[in-house]
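Chain letters run A, B, ... following the sequence lines, proteins first, then strands; residues in each count from 1. Predicted model, so just to flag it, every value in this text is computed and none were measured.
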Amino acid sequence: MTEGTDKKTSNFIRNIVDQDLSAGKTQQVHTRFPPEPNGYLHVGHAKSICLNFGLANDYRGICNLRFDDTNPSKEEQEYVDAIQADVKWLGFDWDDRLFFASDYFEQLYQYAEHLIVNGNAYVCHLDGEQMRSYRGTLTEPGKNSPYRDRTPDENLDLFRRMRAGEFEEGACVLRAKIDMSSPIIQMRDPAIYRIKKVHHHRTGDDWCIYPMYDFTHCISDALEGITHSICTLEFENHRPLYDWILDKLPVPCHPQQIEFARLNLTHTLMSKRKLLALVEEGHVAGWDDPRMPTIAGMRRRGYTPESLREFCERIGVAKADSTVDLPLLEFCVREDLNAHSPRVMAVLDPIKLVITNYPEDQVEELDAAYFQDNKAWGSRSVPFSRELWIERDDFREDNPKKWFRLAPGQEVRLKFAYYVTCQDFVKNEAGDVVEIHATYDPATRGGWSNDGRKVKGTLHWVSAAQALAAEVRLYDTLFLDPNPGSVKDVPLSEMINPDSLRVVQAWVEPSLAEVEAGHRVQFERTGYFCVDPDSKRGRPVFNRTVTLKDSWAKIEAKLNA
RNA sequence: UGGGGAGUCGCCAAGCGGCAAGGCAGCAGGUUUUGGUCCUGCCAUUCGAGGGUUCGAAUCCUUCCUCCCCAGCCA
């Protein structure tokens, strides 16, 4: 991707890097993005990806992609593949630096033996419950395990037998020998290896013991020559352990761990566990459901990589817990889509408009620019005829104040076509308006007149006879609560916005018959849409990425207030 | 009431002793064949609170308050 040459607002991590560079502590910035392949990546990961890869790009350094795959019972190859696709789609490249913590298993094992030989680790047979009680509490120190003072030889023998599969799962673990009375809980002899007789997606059945995160991560960083190991705030408590392990081992270098606040977004759940539940319980159609905050979901929804990167740039990086307003994300998407989406016409909630003075069988082909603000984008031709579909919401029987769309006696412009004046409307027995009658002014072909007439309203439309039927999926936030993550003891099913997905049968202009999945357009006056993979030839399916801003809605709200 | 972090505009966020950047949202106008875009203007005498140091403090010291994280053989 292109090098970041524009000035970025500073943040505490850039300040640290600047200092390290000028002090000569760091020659070349080397970061890494270390996902665990136990789920799909979400916007929160996007923030981390942009931070790690972005920092490397900006400082002419490098960034590795490393899978933290030390817990085979939760990890799958499907996730490994999806994660790589998502990082690439976001616009980042790890070149030949694709790594897996599992590639270091043998090396890690040797380091564990090194710890044992030096009296810094021991095999402990306390079971889970005993471990917990020996650990003490937040305010009381723990007490030493009865197995803590075994000799290195004894421990080495036991650990080798663990590796050989002589013990059952849970029978024992390897623990770092640190300090059971440390006020830092994670320093109270943390487990660093446990027995798991589970098939690993990459190492198969080679191992029945697997290293824990704290042991694996710092060593992996050191082996790869990482200079700045950036992670989220909850690992701040682990930093003393990160440093302790590296200090006890003959590793090639000692990376600096730096913690930043993870991203929270209003109306959005960011916990992988809960996202998994949404998928498994069937509340959404899958990890790439367009309502999901996953990168895959957002991609399907129509978000662009540029907009996501811009968003990550604008939210900044700091250490204070924060929750970003969803409108900022929407702003970033609109900003990019506005500059890159061709405009086309689609009527989502149709009502018939009959041009009573237009010839019965006549069909005109009108030239319609794909983007009037930039004619270089070219145009297509759109059929116009006596019977059209227009948006139900563009007609008001009562002609409210400040309303300049269609209403009895009012003249509006049909974009690219003619000025029309509403003469009449037809209601059904239930009292609903079902058809609108209007007359057109033939002198306004193309949608313009030079007589200085003031026509404030411009409507989009589709010729009824030529209109193409399309399915349109309208999305709203998946959750009604602005902070779903903080809601306790309420099942997901009750938290979901019942209107998060509304499927509508729309009429779209015929030029859209052959669009390819992934194609993005703006439906004039309505919003930005992206063609879904579910589309069939001649029967497209559109996902609404984001609506256009609607200032009439605000005016109307004030009028009604 | 152990330890580790954080508190600057409704939401993010710069600032690191010299007198409160920027963005989003909001508000008021202008332009407009999208009530979109774009453009213009407004939007923290104040930085969690109280003391103190200083000619001068959001920035230093101090006391207090609030919030987040840690007691997985998860990451």
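- For the C1' atoms, the distance linking G29(B) with A20(B) amounts to 27 Å, nearest Å.
- Base pairing analysis places U32(B) opposite nothing; no Watson-Crick or G-U wobble pair with both distances below 3.5 Å involves it.
- Within 4.0 Å of K196(A), counting heavy atoms only, lie sugar-phosphate atoms of the nucleic acid but no base atom.
- Looking at heavy-atom distances under 4.0 Å, R405(A) makes contact with a base.
- Listed nucleotides G4(B), A75(B), A28(B) differ in distance to K558(A); the shortest reach to its side chain belongs to A28(B).
- Within the 4.0 angstrom heavy-atom criterion, only backbone atoms of the sugar-phosphate kind lie near I184(A); the bases stay farther away.
- The base of U34(B) lies close enough to the side chain of Q522(A) for a donor and an acceptor atom to sit less than 3.5 Å apart.
- In this structure, CD of E313(A) is placed 18 Å from P of C12(B), rounded to the nearest angstrom.
- Here R135(A) reaches the OP1 or OP2 of C73(B): one of its side-chain N or O atoms lies under 4.0 Å away.
- Base pairing of C67(B): its partner is G5(B), meeting the Watson-Crick or G-U wobble criterion (both donor-acceptor distances under 3.5 Å).
- Remark: R66(A) fails to qualify as a cation-pi partner of F100(A) under the 6.0 Å distance and 45° angle criteria applied to the six-membered ring.
- For Y213(A), the listed nucleotide lying nearest its side chain is A75(B); candidates were C73(B), A75(B), A13(B).
- Checked by distance alone, D373(A) brings a side-chain donor or acceptor within 3.5 Å of a matching partner on the base of G36(B).
- Side-chain N/O atoms of D325(A) and base N/O atoms of C24(B) include no donor-acceptor pair closer than 3.5 Å.
- T323(A) comes within contact range of the sugar-phosphate backbone alone, with a heavy-atom separation under 4.0 Å but no base atom that close.
- Across all strands shown, R334(A) has no heavy atoms under 4.0 Å from either base or sugar-phosphate atoms.
- The residue T266(A) sits apart from the nucleic acid: no heavy atom pair falls under 4.0 Å.
- Counting non-hydrogen atoms under 4.0 angstrom, K47(A) reaches nothing in the nucleic acid.
- Remark: C1' of G36(B) and NZ of K554(A) are 12 Å apart, rounded to the nearest angstrom.
- Residue order along RNA chain B, read from the 5' end via each residue's closest nucleotide, puts L138(A) first among R343(A) and L138(A).
- Across the protein-nucleic acid pair, N11(A) atom CG and A14(B) atom P stand 7 Å apart, rounded to whole Å.
- Its glycosidic angle being within 90° of 0, G72(B) falls on the syn side.
- With both ends at atom P, the span from C68(B) to U63(B) equals 24 Å, rounded to whole Å.
- For A75(B), one of the phosphate oxygens OP1 or OP2 lies less than 4.0 angstrom from a side-chain nitrogen or oxygen of T70(A).
- Across the C1' atoms, G51(B) and A57(B) are found 14 Å apart, a figure rounded to whole Å.
- Both distances falling under 3.5 Å, in either a Watson-Crick or a G-U wobble arrangement, occur for no nucleotide opposite C43(B).
- Of the P atoms belonging to U34(B) and C38(B), the separation is 14 Å, rounded to the nearest Å.
- Counting non-hydrogen atoms of neighbouring residues, nucleotides and ligands closer than 6.0 angstrom, the NZ atom of K197(A) exceeds 12 such neighbours.
- Going from atom CZ of F235(A) over to atom C1' of G4(B) covers 15 Å, rounded to whole Å.
- Nucleotides A25(B) and U31(B) have their C1' atoms positioned 23 Å apart, rounded to a whole Å.
- For K456(A), no side-chain nitrogen or oxygen approaches OP1 or OP2 of U32(B) to under 4.0 Å.
- On the C1' atoms, G23(B) is 31 Å away from C65(B), given to the nearest whole Å.
- Of all nucleotides present, none satisfies the Watson-Crick or G-U wobble test against U37(B) with each distance under 3.5 Å.
- Counting only heavy atoms from C-beta on, P183(A) has its side chain closest to G3(B) among G23(B), G3(B), U34(B).
- Side-chain proximity of L328(A) to the nucleotides G3(B), G23(B), G36(B) is greatest for G23(B).
- In summary, the side chains of D336(A) and Y303(A) do not present any donor paired with an acceptor at a separation below 3.5 Å, with no hydrogens or angles considered.
- If you check C74(B), G7(B), G4(B) against the side chain of A320(A), the one that comes closest is G7(B).
- A donor atom on one side chain and an acceptor atom on the other are found under 3.5 Å apart for S229(A) and R32(A).
- In this structure, E391(A) contributes its side chain and L348(A) its backbone to a donor-acceptor pair below 3.5 Å.
- Using a 4.0 Å heavy-atom criterion, one finds that V317(A) contacts the sugar-phosphate atoms exclusively.
- In this structure, T137(A) reaches the bases: a heavy-atom distance under 4.0 Å links it to at least one base atom across the strands shown.
- Taking atom C1' on both nucleotides, C12(B) is separated from C74(B) by 31 Å, rounded to a whole Å.
- For E236(A), the listed nucleotide lying nearest its side chain is G5(B); candidates were A75(B), G5(B), G2(B).
- Note on L337(A): nothing from the nucleic acid sits closer than 4.0 angstrom, heavy atoms only.
- No more than 12 heavy atoms of other residues, nucleotides or ligands shown are found within 6.0 angstrom of CZ on R262(A).
- Residue-level contact check: I315(A) touches the backbone only, with heavy atoms under 4.0 Å from sugar-phosphate atoms and none from bases.
- By the 6.0 Å and 45° rule, K143(A) stacks over the aromatic ring of Y134(A).
- Across C27(B) and C43(B), the matching P atoms stand 16 Å from one another, rounded to whole Å.
- Side-chain proximity of T458(A) to the nucleotides C24(B), U33(B), U37(B) is greatest for U33(B).
- Base pairing of G72(B): no nucleotide in any strand meets the Watson-Crick or G-U wobble criterion (both distances under 3.5 Å).
- Base-pair partner of A13(B): not found among the strands shown (Watson-Crick or G-U wobble, both distances under 3.5 Å).
- The aromatic rings of W389(A) and W507(A) lie parallel to each other, with less than 30° between the two planes, well short of the 60° mark.
- Residue V324(A) is in sugar-phosphate contact alone, with no base atom involved, counting any heavy-atom pair closer than 4.0 Å across all strands shown.
- Checking the phosphate oxygens (OP1, OP2) of G15(B), a side-chain nitrogen or oxygen of S10(A) falls inside 4.0 Å.
- Between N374(A) and the phosphate of U37(B), there is no side-chain N or O to OP1/OP2 separation shorter than 4.0 Å.
- In this structure, R132(A) reaches the sugar-phosphate backbone alone: every heavy-atom distance under 4.0 Å involves primed, P, OP1 or OP2 atoms, never a base.
- Checked by distance alone, D321(A) brings no side-chain donor or acceptor within 3.5 Å of a matching partner on the base of G7(B).
- Nearest nucleotide to the P327(A) side chain, out of G3(B), A25(B), G72(B): A25(B).
- Looking at heavy-atom distances under 4.0 Å, L329(A) makes no contact with the nucleic acid at all.
- Of all heavy-atom pairs between A407(A) and R396(A), the closest is CB-O, 3.2 Å.
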